[in-house]
Amino acid sequence: MDIQELGGFSYRQLILISLLSLFVEMLMIRWVSSEIRIFAYFKNFVLVACFLGFGLGCYLCRRRVQLMAMVMPLLLLTLILKAPISPLRRSIAVLPALLGATVEVHVWGVPALPTSWTGMVLALCFVVPLFALIATTFIPFGQLVGWYLENSPRGVAAYSVNVLASLAGIAAFTLLSYLHQPPWVWFVVTGVFSALMFWRNHPVRNVLTATFLACACLLAVPEGRNARTYWSPYQKLVLQPLYSDGQIAAYELNTNDSWYQQILNLAPEFVQSHSRFFQRHPLDQNAYNMPYRFYPAPPSVLVLGSGMGNDVAAALRNGAGRVEAIEIDPLILKLGRELHFEHPYQSPRVHVTLDDARSYIENSHDQFDLIVFSLLDSHTTTSHFTNIRIDNYVYTREALQRARQLLKPDGLFIVKFQVDTPWIAGRLHKLLHDTFNQDPIQFQTDIGGYDSSGRFFVSGSPERLAKATAEPALAAYLASHGNMPMESARVTTDDWPYFYQHEPGLPIIVILVSIAVLVVFGWFLRQTSGEGTRLDFHFLLLGAGFMLLEAQIVSKMALLFGTTWVVNAVVVSGLLCLIVGANLVYGALPRIPLAAAYAGLFLTLVVMYVVPMQKLFFESWSLRAIVATLALCTPVFFAGIIFVSSFARAGFRGSALGSNLFGSLIGGLLESASLWFGLKSLAILAAILYLGSAIFLSRSATVKEELSVVPAPVANP
């Protein structure tokens, strides 16, 4: 079917396909990362697959659009991820163990083992086709967007509309995440957008609508008879009630198919009626009660990572005067309010703050007698553009130094963590030693029973610690549960916050998956080598540099304002608005010298690199936002001017946009350089890439040939 049957060029169609493209991109990243646990820790691998497919589509925008390239991969992905086929389910479940079982990076639920090359190769044999499926899905999206931009009567205006519609797609998906909607709803919404896009072409409309509805039906099938699945803005949560004597005795919460949290009932009446639960593990040795063996009845308690309420309930049971509870996930907090047996969040002595722990630490002026870091252990990254996990900025030297300022002089500071590798214990020990200038008391509570075990690190007032450990029963317990194995590890900082990585460097998993991505990229590119177009290295380097800019800005703004989904959505939206602002400036000043834009870009990159992040923690939130935007986000404005000016000179060719998106793929892989050299290194790398783009621009001749009449793509169902 000729594109004119869809109405030819129209801003309505451009808006719909741009919105749909970003919506599906967000859907794919969130969905695949939740269903295949290893990608929850490396989301940008799914992101670069989307970039590859979309870039190829733009590169091939003069070809016929084969919509089956979207339909078949989506159906296959849905079947792979959700079909109740036991061998397939076992293969997906074992992927984290094959890819993530190394001593370099800790992945929850995966024991650290020597690198198994055979296992990794087998895992890559599954990951590479999956990557190709995701990329293939986005080829038709790129073809349509590329064609509309090439054929727009006003290129800059069309590109601005494309960016704003993309922003609307992000906003729509963000709204569904805020409303805790599951994937089947995402696919229904995608089907509605697709029907609107292809309304005039009945066969195409019907095929796409049926495809998305079929995917939605498969995804709507319940996962278990008793378990209930929830989708918070951060992760997939599965809640399972645990029964005793025909009654619910506890709840277990899993995320991304690994154990995460639980709700326990330690109320006196329950303990008395279920004494058998506590025969092997006495109540006073329960992990939630242990902090109060060191500080009985503290006047004030700060619980960071309060989850569904076990630590808050323990503080109340042990006589705390007031409790400040901090939790980042609104859905986990909601489940705790509704389901916790002791109803701790309803107590008038408890004040709840929905926020990131680091954000609260930086913005609070309160002081506490007891501070408890309660199993702050992230199972996912903070956004689609960075490898930083949600809790990485909590366990840095700067974070603990700031947290100490919230502790009263005679108070105690307790970190409770599920330590699975000796080097994580060594890192926590060193962080607390450097913060308090004393070796923390370290012990491990018993595993098993009606409890949640964990490693404890206790620091603070020497007098209070001496008084607590002089008590014979506690001293005997510490003697039998201490002397835990530790290994040295690099101390994490705000510039290198990778708490779950042993030492700076590129983990084997990152190297292998990056090579696999490049191999798939090369294969796809070779298949399209006869299209009469070629890679434009100026645009490729612009895309790579911009991706590094975006990753660094998202990471640093998360440090300043919290690693919450709200902050991430606002920052990404703000960056897109800066691009639109650059388009408006270029529209008003089309002859703006590119040399001036490059000069502004390099100057602002220098500012981004040299300004210490700690200097941006202003007490005024609005002042912090203004200064941070000027110091960190201004390079995006100049980069936007360079791109739109170059895009206009290239006649808004789809192949130019495709090369730019290929560059974004490369930039997504290069973002892993921060795992080795720290976040500040991304500014240097981005500057090198932009310098390369300037060199290629200066060497290339001005586009002299007029664009031939662009053949319209044909949509075939």
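Here CE of M547 is found 6.0 Å from CD of E550. Values are rounded to the nearest 0.5 Å. In this structure, L14 CG and L164 CG are separated by 10.5 Å, a value rounded to the nearest 0.5 Å. If you take CZ on R699 and NE2 on H538, they are separated by 14.0 Å, rounding to the nearest 0.5 Å. For the atom pair CZ of R653 and OH of Y59, the computed distance is 10.5 Å after rounding to the nearest 0.5 Å. Rounded to the nearest 0.5 Å, atoms CZ (F539) and CG (L661) are 11.5 Å apart. Atom CG of L167 and atom OG of S18 lie 11.5 Å apart (nearest 0.5 Å).
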Indicate every side-chain donor-acceptor pair of residues 577-604 with a distance under 3.5 Å to a residue at least two apart or in another chain.
unit_1	atom_1	unit_2	atom_2	d
N583	ND2	S160	OG	3.0
Y598	OH	S693	OG	2.8
Y598	OH	A694	N	3.4
T604	OG1	G600	O	2.8
T604	OG1	L601	O	2.9

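In summary, of the residues considered (R402, K556, R358), a salt bridge (Lys or Arg N to Asp or Glu O under 4.0 Å) with D494 occurs for R358 alone.
In this structure, F173 has its ring center under 6.0 Å from that of F23. For Y159 and F643, the distance between ring centers is under 6.0 angstrom.
For F618, the CZ atom sits in a packed shell: over 12 heavy atoms of surrounding residues, nucleotides or ligands are nearer than 6.0 Å.
Under a 3.5 Å cut-off, the side chain of Q13 and the backbone N or O of M197 do form a donor-acceptor pair. Side chain of Y498 to main chain of G678: no donor-acceptor pair is present (N/O by atom type, distance under 3.5 Å, no hydrogens or angles). Looking at E362, its side chain never comes within 3.5 Å of a backbone N or O of L560 through a donor-acceptor pair. Y393 places a side-chain N or O within donor-acceptor distance of the main-chain N or O of S555, the cut-off being under 3.5 Å. Between the side chain of R63 and the main chain of L60, no donor-acceptor pair closer than 3.5 Å is present.
At least one cation-pi condition fails for R30 and W186: the charged atom is not both under 6.0 angstrom from the six-membered ring centre and inside a 45 degree cone around its axis.
Across S655 and E150, no two heavy atoms sit closer than the pair N-OE2, 4.3 Å.
Inspection of the Y500 and D391 side chains reveals an N or O donor paired with an N or O acceptor under 3.5 Å.
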Candidate pair E25 and F141, rule side chain to side chain contact (heavy atoms under 4.5 Å, CB included), full reasoning: CA-CA 10 Å; E25 179 183 309; F141 292 109; over 6 Å; no
